[in-house]
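Okay, structure first, notes after.
Naming: A, B, ... by sequence-line order, numbering from 1 per chain.
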Amino acid sequence: MPELPEVETTRRGLHPHLVGRVIVDAQIHQGFERLCLNTNVKELTHRLIGQRIIDTHRYGKYLIFSLSSGDSFVVHLRMTGALVLREPGTLTGKYERARLSLESTMNCMFETISFQDVRRFGTWNVVGDFEDGLAVNIGPDALSPNFSPDHLVSTLRRKSGTIKSALLDQSTVAGLGNIYVDEICFMAGLDPRKRSNTISKKKTKELFIAIQDTLSRALERGGASFKDYVNAHGVPGGALDHCYVYGRVGMNCYKCDNTIKKIKIVGRGTHYCPKCQRR
DNA sequence: CATCATGTTACACG
DNA sequence: GCGTGTAACATGAT
């Protein structure tokens, strides 16, 4: 699923129901042990069970739950993962891979967090320091103050590949994925094949604005559901219906009425308007 | 049967 | 060391 707006939508949905609650059981279902990045499933469940969830965070596409032990529970949804709140007695469903059971309370009807993941790429990890649960060279989160126009300018100046690959690279900025990178390039009027180090400082600042704008507007719509994404309450997001280019191959550009094209860049389907977006 | 799909990582090659 | 292309991971839809 899940680029920054989807992960943040999930976090916001979970937060009020999780903070202050105690994890009384953690189960990784038979055959899906691969999702566990700890040395083994026993260690992971041992470090989860009995802990109170103190707070929720997000860094790029990672969800982070801080625990009363001081540990961080770090979840990545990858392509098709979703964390969904469930009421007691709910069946696991075909694609549930793991679940957490929460201590029951008078004022919350949810007792389970179900981890659904069709393609089984998602990961769970419990670490002492949350940074140890993130990719080694991860860059600043796209919506944090650490991500600035100057940071983007200096990073792109050093890269000779396409702007598409630079923006997909989580070490440039954390949180963007295939859908929003296409939208961002359209908004900034940049051909996705343009070399990063040939983009002017002025254009890079426009690109920065396009990133902020695209992400915050997608967030307002509760993220985009390409296929499997649902929020913490099992509801899909609506941002895909508002894309300028993603998923609109063969349709007319809203700005110039020309036909939206689709090509492949770094192995990813890439949508753009040949007239509005320049090299 | 073939192709494509929201993400990330590993590897071969130039 | 860097960039690119490709495969891999596992599954489903078309």
Run the numbers on A:C108 and A:R21 for side chain to side chain contact (heavy atoms under 4.5 Å, CB included), then give the verdict.
CA-CA 10 Å; A:C108 186; A:R21 310 271 313 264; 3.1 Å; yes
Quick one, A:F65 with A:I23, criterion side chain to side chain contact (heavy atoms under 4.5 Å, CB included). Give me CA distance, side-chain angles, the key distance, then yes/no.
CA-CA 12 Å; A:F65 305 89; A:I23 299 167; over 6 Å; no
Taking it one step at a time, do A:I113 and A:V84 satisfy side chain to side chain contact (heavy atoms under 4.5 Å, CB included)?
CA-CA 6 Å; A:I113 312 171; A:V84 184; over 6 Å; no
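Dashed line: the shortest gap from a side-chain N or O of A:Y95 to OP1 or OP2 of C:dA10 is not under 4.0 Å. Side-chain nitrogen and oxygen atoms of A:K94 include at least one within less than 4.0 Å of the OP1 or OP2 phosphate oxygen of C:dG12. Taking side-chain N and O atoms only, A:H76 has no distance below 4.0 Å to OP1 or OP2 of B:dG7. Side-chain nitrogen and oxygen atoms of A:Q170 include none within less than 4.0 Å of the OP1 or OP2 phosphate oxygen of B:dG7. Put simply, A:K262 has no side-chain N or O that comes within less than 4.0 Å of OP1 or OP2 on B:dC4. The side chain of A:R119 contributes no N or O atom lying less than 4.0 Å from OP1 or OP2 of B:dT6.
At the heavy-atom level, A:F32 lies nowhere under 4.0 Å from the strands shown. Among the protein residues, A:G269 comes within range of the sugar-phosphate backbone only, with heavy atoms under 4.0 Å from sugar or phosphate atoms but none that close to a base.
Applying the 5.5 angstrom centroid cut-off and the 30 degree plane-angle cut-off, the aromatic ring of A:F121 is not stacked upon the base of C:dA10.
Residues A:E206 and A:K203 are paired through a salt bridge, judged by an N-O separation under 4.0 Å between the basic side chain and the carboxylate. A:D71 and A:R47 are joined by a salt bridge, as a carboxylate oxygen and a charged side-chain nitrogen come within less than 4.0 angstrom of each other. A salt bridge is absent between A:R268 and A:D182: the closest approach of a Lys/Arg side-chain nitrogen to an acidic carboxylate oxygen does not fall below 4.0 angstrom.
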Between the protein and nucleotides 1-7 of chain C, list every N/O to N/O distance that falls short of 3.5 Å.
unit_1	atom_1	unit_2	atom_2	d
C:dT4	OP1	A:R195	NH1	2.9

Write out a two-atom table: protein N or O, nucleotide N or O from nucleotides 10-13 of chain B, distance below 3.5 Å.
none

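The aromatic ring centres of A:F147 and A:F208 sit less than 6.0 Å apart.
Atom CZ of A:R34 is separated from atom P of C:dC9 by 9 Å (rounded to the nearest Å). Nucleotide B:dT3 holds its C1' atom 8 Å from the NZ atom of A:K264, rounded to whole Å. The interatomic distance linking A:Y62 (OH) with B:dT8 (C1') rounds to 8 Å, in whole Å. Nucleotide C:dA10 holds its C1' atom 13 Å from the CG atom of A:L35, rounded to whole Å. Separating the CG atom of A:N125 from the P atom of B:dT8 is a distance of 15 Å, rounded to the nearest angstrom. If you take CZ of A:R78 and C1' of C:dA8, they are 12 Å apart, rounded to a whole angstrom.
Helical stems in DNA chain C, defined as runs of 3 or more consecutive Watson-Crick or G-U wobble pairs with donor-acceptor distances under 3.5 Å: B:2-5 with C:11-14, B:7-14 with C:2-9.
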